[in-house]
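Each chain gets a letter, A, B and so on, in the order its sequence line appears, and its residues count up from 1. Keep in mind it's a predicted model, so treat the numbers as computed, not measured. What's counted below: heavy atoms across the whole structure, side chains too, no hydrogens, waters or symmetry copies.
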2 protein chains.
Amino acid sequence: MVAVLVIEDDDRIRLSLSLALEDEGYAVYTAATAEEGLLRQRREPADTVLVDLMLPGIDGFQCIRELRRDDDVPIVVVSAREDTHDIVAALEAGADDYLVKPVAVKELSARLRALRRRARTGPATPAGHQDLGDLKVRAQAGEVLLHGQPLALTRTEFRLLCELAGHAGQVLSRQQLLERVWEYDFGDERLVDVHVGRLRQKIEDDPANPQRLVTVRGLGYKMPR
Amino acid sequence: MVAVLVIEDDDRIRLSLSLALEDEGYAVYTAATAEEGLLRQRREPADTVLVDLMLPGIDGFQCIRELRRDDDVPIVVVSAREDTHDIVAALEAGADDYLVKPVAVKELSARLRALRRRARTGPATPAGHQDLGDLKVRAQAGEVLLHGQPLALTRTEFRLLCELAGHAGQVLSRQQLLERVWEYDFGDERLVDVHVGRLRQKIEDDPANPQRLVTVRGLGYKMPR
DNA sequence: GAACCCGTGACAGTTGTGTGACAAATCGCC
DNA sequence: GGCGATTTGTCACACAACTGTCACGGGTTC
């Protein structure tokens, strides 16, 4: 299911956009302000973001720049302003497409598909590739190198490692890992422990004394930088 | 220098677009018909293609499909028709963007930049020719050499191989392959498995132990660099 | 010492992948 | 335009790999 985040302050437009997109088969998240949208995208990233330009507080341009700072997500502007200057500014800020209200839903949907088709040819997983000493994570190639040798990881191990390596130096709670790796909203947190254990068997020189994937008691796990 | 191919039958529009794009710093090739444009793109590929919808002979839609057959080049439609139906059809055919005439050059330029920014993150080599050890893929010539000997591949096998070889070192999911090789938006992913199996019979020395086309369990397939 | 946190081995159920068979669709040739 | 050959997509089966649960035990905190 493709998730779309709609950032739009006008309640009526937000609602009608949401309904239309849901009809097209998208999962829709919404936010009424840029702040809310940015927060939401950071917590639970959507696959595509629709954003209005005229927003209270942080405006659309700034919002796009903020999103682009650490996210390569496709961004589509939906705005009432049809001035060329606005269009150019939004695209320069990092937007991928720009539609003028009122939008035809069929067109919006087609443009989303075209954009996603193009975006998908990019990196498959969020983090590109990470080097942590002897351990190299090549997300695109779907491979992990330890001392230059490719490692045979299962999908779950791979995704777990990507998640941890992508936030090297930062503690991730079992709950966060469950949500991001397993996409579970709930579940047995011990599951994480088991897979961390299995992962350690493969990436640690001495699995009983983990160096690369350490546990932070009471908080979770992290990979030191 | 970024090269743009403009396919447009109206002399005046073609000329003014060319001049405007040259002003923006693009190298511009032109073609007055789809046939001419396709030939030109095959001989000397541009980095982006602008195409009109109403062309004599092969029309714009068909032209887009032909281009897409063996090229991942960004395609922008510039048309006088502003009907949603046309827009959707063009995007579905494979276009990346759609502008309604008359176009503001600044906007066109900004959209080209946005599109190229997005497209560049994609495949490193569009559709040239790839050498992977003993296996040489000549996409343009439509032939594949194994140990210097030409291989007899079916069309599907050939396109599958081109797609994989064109992204050597990168995992492609079954879904991605379905979309790019079969142009299915959905469908049975097992179809990919079957054709990978058939392809292996032809390109692997020992099909039971694939070396050139390996499966990455849970993720998809890839050809190692 | 009690409560809690974490590592780990075992195991059954689930999922992913390769492959042969087959019918429908397409192609090439006359 | 017809007909055999080739290609394509679907299906089902078999096997291997992976996943999640559980229980046990050692360590840590208070």
Side-chain angles (χ1 to χ4, degrees), chain A residues 142 144 150-164 171-223, chain B residues 69 142 144 151-164 171-223:
Chain A
V144 177
L151 276 182
L153 298 184
T154 71
R155 184 169 57 154
T156 307
E157 287 159 7
F158 180 70
R159 294 178 63 182
L160 178 59
L161 179 56
C162 283
E163 195 58 43
L164 286 160
V171 182
L172 296 176
S173 71
R174 290 175 174 73
Q175 191 54 45
Q176 285 176 313
L177 290 169
L178 267 183
E179 283 170 14
R180 300 190 198 167
V181 177
W182 282 266
E183 285 157 27
Y184 285 0
D185 286 339
F186 57 91
D188 188 358
E189 301 194 340
R190 303 305 312 284
L191 176 57
V192 180
D193 299 19
V194 175
H195 283 274
V196 164
R198 287 171 182 161
L199 187 51
R200 277 177 177 154
Q201 294 298 321
K202 299 186 180 179
I203 66 169
E204 294 285 356
D205 298 325
D206 175 12
N209 280 68
Q211 301 295 314
R212 302 184 228 272
L213 202 176
V214 301
T215 114
V216 182
R217 202 183 158 84
L219 293 179
Y221 298 96
K222 78 167 177 183
M223 302 190 73
Chain B
R69 274 245 309 253
V144 178
L151 273 183
L153 297 184
T154 70
R155 192 167 60 132
T156 307
E157 286 160 5
F158 179 69
R159 294 178 63 182
L160 178 60
L161 179 57
C162 283
E163 195 58 43
L164 285 160
V171 182
L172 297 178
S173 70
R174 290 175 174 71
Q175 189 55 45
Q176 287 176 314
L177 290 169
L178 266 184
E179 284 170 15
R180 300 190 199 166
V181 176
W182 282 266
E183 286 156 28
Y184 287 178
D185 282 341
F186 57 90
D188 189 358
E189 301 193 337
R190 303 305 313 280
L191 176 57
V192 180
D193 298 21
V194 174
H195 282 273
V196 164
R198 287 170 182 161
L199 187 51
R200 277 177 176 155
Q201 294 298 323
K202 299 187 180 178
I203 66 168
E204 293 284 356
D205 298 326
D206 175 12
N209 281 67
Q211 301 295 314
R212 302 184 228 274
L213 202 176
V214 301
T215 118
V216 182
R217 203 185 156 89
L219 294 179
Y221 297 97
K222 77 168 175 184
M223 302 189 74

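The number of heavy atoms from other shown groups lying within 6.0 Å of CZ (A:R155) does not exceed 12.
Taking atom CD on B:E183 and atom P on D:dG9, their separation rounds to 12 Å, with Å as the unit. Atom CG in B:L178 sits about 14 Å away from atom C1' in D:dT8, given to the nearest Å. Whole-Å rounding puts the B:F158 CZ to D:dT8 P distance at 13 Å. A straight line from CG of A:L199 to P of C:dT8 spans 12 Å, rounded to a whole angstrom. Rounded to whole Å, atom P of D:dG9 lies 10 Å from atom CZ of B:R159. As rounded to whole Å, 13 Å separates atom P of D:dG9 from atom CZ of B:F186.
Judged by distance alone, the side chain of A:R212 and the main-chain N or O of A:I203 form a donor-acceptor pair under 3.5 Å. Under a 3.5 Å cut-off, the side chain of A:Q201 and the backbone N or O of A:P207 do not form any donor-acceptor pair. A:R200 places no side-chain N or O within donor-acceptor distance of the main-chain N or O of A:P210, the cut-off being under 3.5 Å.
Among the atoms of the strands shown, only primed sugar atoms or phosphate atoms (P, OP1, OP2) are found under 4.0 Å from some heavy atom of B:G218.
Considering every non-hydrogen atom in both A:E157 and A:T154, the closest pair reads OE1-N, 2.9 Å. Between B:R174 and B:V192, the shortest heavy-atom distance links the atoms O-CG2, 3.8 Å. Nearest heavy-atom pair, B:Q175 versus B:E189, reported as atom, atom and distance to 0.1 Å: OE1-OE2, 3.2 Å.
For the segment residues 200-214 of chain B, no residue has any heavy atom less than 4.0 angstrom from an atom of DNA chain D.
For C:dG18, the OP1/OP2 oxygens have a side-chain nitrogen or oxygen of B:Y221 closer than 4.0 Å.
Residue whose closest nucleotide on DNA chain C sits further toward the 5' end, between A:V196 and B:R174: A:V196. Residue whose closest nucleotide on DNA chain C sits further toward the 5' end, between A:V216 and B:T215: A:V216.
Between B:L213 atom CG and B:L161 atom CG the span is 7.5 Å, to the nearest 0.5 Å.
Side-chain contact between A:D193 and A:T215: absent, with no pair of heavy atoms (C-beta onward) separated by less than 4.5 Å.
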So if I define the base as every atom that isn't primed, P, OP1 or OP2, how would nucleotides 19-27 of chain D read as a B/S/- string at a heavy-atom cutoff under 4.0 Å? BBBB----B
